[in-house]
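Have a look at the structure below before the remarks.
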Amino acid sequence: MKIGNLPLIHINLGYGKKVAKGIIAIGNIAIGVLSLGGMSLGVLSLGGIGMGLLSVGGLAIGGLCFGGLGIGYMAVGGLALGIYACGGLAIGQTLAIGGKAIGHIAIGASATGKYCLEGSNISGREILLFLRTIPESLPNWLFNALTSSSFSIMKIK
């Protein structure tokens with residue numbers, strides 16, 4: 001079944017350069033709205049190397065990305081680089097949260113930035129008070145997400 005000239009589902013696996021292109025693409029190299037593969041490119045991509053709006057992979061690049069190395073607008077990973085970053089080593093232009101956090105606002109065991117909250121056992125209450133003292137506040141959606149009771153890392157006791 002095709003939508004326009006694009007297959008709904010395309011699976012192309014095997015030895016060599018196998019490219020799958022479709023709305024749902026599964027292959028060594030996958031290009032599609034939903035893509036799964038060694039290298040995947042799509043709105044939602046999952047792969048060794050994932051690139052897309054929402055990407056998950058060893059190397060994840062995109063808007064919201066989760067990976068060993070995450071590079072994107074919002075990045076989560078062992079090494080996270082982005083506007084907002086969270087990870088073992090987090091480098092964020094606006095906010096960084098992690099073991100080693102580098103950013104304008106940095107929260108972590110080792111924090112470097114204009115506004116820093118440093119410590120290895122920081123409570124949710126301390127984070128909330130810290131974020132409220134910053135004159136250059138975070139966007140409301142992010143502040144609410146970080147301080148909501150459903151965000152377990154920041155749960156206030």
Side-chain angles (χ1 to χ4, degrees), residues 1-113 117 122 124 127-128 131 136-156:
M1 177 183 222
K2 290 188 175 186
I3 297 175
N5 210 16
L6 197 61
L8 178 61
I9 299 173
H10 186 200
I11 300 172
N12 195 2
L13 298 167
Y15 294 108
K17 183 181 167 184
K18 299 290 184 176
V19 179
K21 292 181 183 179
I23 303 297
I24 299 172
I26 302 170
N28 296 357
I29 300 171
I31 303 168
V33 175
L34 171 61
S35 59
L36 297 119
M39 181 177 195
S40 60
L41 175 64
V43 175
L44 176 58
S45 78
L46 176 63
I49 299 173
M51 294 178 275
L53 188 59
L54 173 59
S55 59
V56 179
L59 168 59
I61 302 169
L64 175 59
C65 55
F66 301 90
L69 170 57
I71 303 170
Y73 183 75
M74 293 185 74
V76 178
L79 170 57
L81 305 167
I83 306 298
Y84 305 103
C86 180
L89 171 56
I91 302 171
Q93 181 179 339
T94 301
L95 175 67
I97 301 171
K100 172 66 175 167
I102 302 168
H104 186 69
I105 301 169
I107 302 170
S110 174
T112 305
L117 179 59
I122 303 167
I127 293 169
L128 179 60
L131 292 175
E136 303 156 20
S137 63
L138 295 171
N140 285 339
W141 62 269
L142 183 59
F143 183 81
N144 292 337
L146 291 173
T147 57
S148 74
S149 60
S150 61
F151 193 64
S152 62
I153 294 173
M154 306 295 209
K155 192 174 243 182
I156 298 169

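Everything quoted here is computed from the prediction, not taken from an experiment.
- Heavy atoms of other residues, nucleotides or ligands lying less than 6.0 angstrom from NZ of Lys100 number more than 12.
- Counting only distance, with no hydrogens or angles, the side chain of Asn28 and the backbone of Gly16 share a donor-acceptor pair below 3.5 Å.
- Considering all non-hydrogen atoms of both residues, Ala101 and Ala106 come closest at O-CB, 3.6 Å.
- Nearest heavy atoms, Gly27 versus Leu13: CA-CD2, 3.5 Å.
- At a threshold of 4.5 Å between non-hydrogen side-chain atoms, the residues Ile107 and Ile122 count as touching.
- The CG atom of Leu46 sits 5.0 Å away from atom CG of Leu36, with the distance rounded to the nearest 0.5 Å.
- The distance from atom CD1 of Ile97 to atom CD1 of Ile105, rounded to the nearest 0.5 Å, is 9.5 Å.
- Of all heavy-atom pairs between Ala85 and Ala80, the closest is CB-O, 3.6 Å.
- Annotation: the span from Leu34 atom CG to Ile24 atom CD1 amounts to 5.5 Å, rounded to 0.5 Å.
- Judged by distance alone, with hydrogens and angles left aside, the side-chain atoms of Ser45 form a donor-acceptor pair with the main-chain N or O of Met51 at under 3.5 Å.
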In residues 52-72, what donor-acceptor pairs under 3.5 Å come from side-chain atoms, sequence neighbours left out?
from: Ser55; atom 1: OG; to: Ile61; atom 2: N; distance (Å): 3.4
from: Ser55; atom 1: OG; to: Ile61; atom 2: O; distance (Å): 3.1

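- Residues Gln93 and Ile83 come closest through the heavy atom pair OE1-CD1, 3.1 Å.
- Crowding of Met39 atom CE: a count of heavy atoms from other residues, nucleotides or ligands under 6.0 Å not exceeding 12.
- A distance of 8.5 Å separates CE in Met74 from CG in Leu95, rounded to the nearest 0.5 Å.
- Using modelled atom types, one side-chain atom of Asn12 and one backbone atom of Val19 make a donor-acceptor pair closer than 3.5 Å.
- For the pair Lys17/Ile29, a side-chain contact is recorded, criterion being any heavy-atom separation below 4.5 Å from C-beta on.
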